[in-house]
Protein chains: 2
Amino acid sequence: MGRWEPNARGRLEQAALELYIERGFEQTTVAEIAKRAGLTERTFFRHFADKREVLFSNSLQELLVTSVAGATDSVAPIDAVVAAFEGAGALLQERREYSLQRQAVIAANPGLQERELIKLASIASALADTLRRRGLTDPAASLTAEAGIAVFKIAFERWISETNQRDFPRLIRESLDELKAVTAGK
Amino acid sequence: MGRWEPNARGRLEQAALELYIERGFEQTTVAEIAKRAGLTERTFFRHFADKREVLFSNSLQELLVTSVAGATDSVAPIDAVVAAFEGAGALLQERREYSLQRQAVIAANPGLQERELIKLASIASALADTLRRRGLTDPAASLTAEAGIAVFKIAFERWISETNQRDFPRLIRESLDELKAVTAGK
DNA sequence: CGACTGTATGTCAGTCACTGTCATCAAACG
DNA sequence: CGTTTGATGACAGTGACTGACATACAGTCG
């Protein structure tokens with residue numbers, strides 16, 4: 001076995017998730033993660049900025065931005081954003097078991113929740129940029145993006161917590177309808 | 001000068017903000033903050049859970065919850081929530097200089113932004129609880145709270161960034177109107 | 001006034017996340 | 001086969017944060 005086993009990053013991600021599940025996030029040291037992946041602590045920090053980042057990636061954001069950027073012009077911005085989340089939700093649904101495990105780890109640690117929130121904020125910022133590029137002005141662009149995040153957050157909570165798993169994209173759509181009802185004031 | 005100078009916590013908060021402004025958050029050590037406050041590093045951690053927490057308090061959350069809990073029943077939930085934020089905004093407006101300094105420090109550091117986001121999430125959770133206690137059911141309660149946070153976030157950004165300072169509560173109200181417009185789909 | 005108690009602070013040792021630096025090894029290339 | 005490039009290892013160091021114990025101040029009671 002050479003020094004160059006393939007997919008070091010992936011091995012670190014898997015080892016980290018396993019250990020976070022087994023003993024908890026705080027009780028796991030980076031040295032332990034690296035050892036299980038057959039690497040050293042220093043190498044871990046070459047692949048991930050910190051101990052938390054190993055649970056997060058930017059694939060969701062890229063997916064959402066691409067989706068909104070490619071939406072038909074006639075679709076209302078809020079519907080384009082939520083439709084993008086529905087697409088992402090369908091993908092998450094295909095890996096529900098992984099999503100459940102990962103979310104259980106995050107729910108058990110405030111530091112990980114912070115990281116998740118800033119990732120969502122980054123997505124909101126990227127979506128607002130995309131909407132502006134499509135001609136929407138501020139503050140509408142920012143608010144539409146934030147509204148989309150809120151809808152997704154609520155729907156995700158429901159999807160994760162419900163035992164009889166309902167269709168995630170459907171939950172997202174229902175969440176949007178509820179937001180429209182709630183804000184439909186005079 | 002005895003060991004018992006008054007208001008240790010307040011001295012730590014002020015020393016921390018000063019140093020974060022002077023040399024930046026990361027370049028400031030907790031030992032330096034404690035020294036400027038006439039205390040030790042260990043005492044800092046008895047007053048604040050970590051180096052970031054010294055910039056945050058829960059007074060805003062308590063204020064908002066009290067306001068929403070005391071709102072008239074006939075007022076729509078989203079309006080009660082936003083009215084609460086308008087009240088909080090008026091208070092922040094009275095300390096605009098402090099708000100600007102504090103926000104400049106936070107904007108310069110991702111870790112502080114994370115902490116700010118989880119504080120806002122905590123507020124959203126508390127407001128949702130309050131709305132539920134007033135008879136609103138989920139997911140409406142959670143969505144209303146999240147919508148209020150979104151409105152506040154956008155309005156706050158504008159209030160901070162604009163040189164000719166417009167009335168903050170007014171910005172909040174306008175932000176809500178914009179959200180209503182944006183979500184007023186079919 | 002003096003002992004007693006509770007709480008805030010000081011002291012010290014220790015763990016661990018994270019970083020800078022340099023050495024080393026594998027693969028690709030000419 | 002030598003060179004180069006990039007990923008990894010080895011190691012020392014800083015600083016955030018914690019646990020355990022000692023100490024000093026403030027209030028109370030006799």
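In what follows, chains carry the letters A, B, and so on, assigned in the order in which the sequence lines appear, proteins first and then strands, with residues in each chain numbered from 1. No experiment lies behind these values; they were computed from the predicted model shown.
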Requested in this report: Name the nucleic acid region contacted by A:Ala31, choosing base, sugar-phosphate or nothing; use a 4.0 angstrom heavy-atom cut-off, strictly under.
Outcome: nothing
Requested in this report: State whether A:Lys180 and A:Asp79 are salt-bridged, where the test is any N-O pair (Lys NZ or Arg NE/NH1/NH2 against Asp/Glu carboxylate O) under 4.0 Å.
Outcome: yes
Query - Salt-bridge contact B:Arg36-B:Glu32 (side-chain N to carboxylate O under 4.0 Å) - result: no
Query raised in the report: Which word best sums up how the rings of B:Phe168 and B:Phe152 line up, parallel for under 30°, tilted for 30 to 60°, or perpendicular for over 60°?
Result: tilted
Please tell me if [X] has a side-chain N or O lying less than 4.0 Å from either OP1 or OP2 of [N].
X       : N      : value
A:Thr29 : C:dC16 : no
B:Thr43 : C:dT9  : no
A:His47 : D:dT8  : yes

Listed nucleotide nearest any side-chain atom of [X], set [options]:
X       : options               : result
A:Thr40 : D:dA10, C:dT9, C:dA17 : D:dA10
B:Leu39 : D:dG9, C:dT9, C:dC18  : C:dT9
A:Lys51 : C:dA17, D:dT8, C:dT9  : C:dA17

**Report entry** Of A:Glu26 and A:Arg42, the one whose closest DNA chain C nucleotide lies more 5'
**Finding:** A:Glu26
Query raised in the report: Is B:Arg134 atom CZ crowded by more than 12 heavy atoms from other residues, nucleotides or ligands, each under 6.0 Å away?
Result: yes
d([atom1], [X]; [atom2], [N]) in whole Å:
X       : N      : atom1 : atom2 : result
B:Arg46 : D:dC17 : CZ    : C1'   : 12 Å
B:Arg52 : D:dG15 : CZ    : P     : 18 Å
B:Phe45 : D:dG15 : CZ    : C1'   : 9 Å
B:Asp50 : D:dA16 : CG    : P     : 11 Å
A:Arg11 : D:dA7  : CZ    : C1'   : 12 Å
B:Glu32 : D:dG15 : CD    : P     : 8 Å

**Report entry** Test log, rule side-chain hydrogen bond (donor to acceptor under 3.5 Å, both in side chains), inputs A:Glu116 and A:Gln103
**Finding:** CA-CA 10 Å; A:Glu116 173 138 289; A:Gln103 205 56 25; 3.0 Å; yes
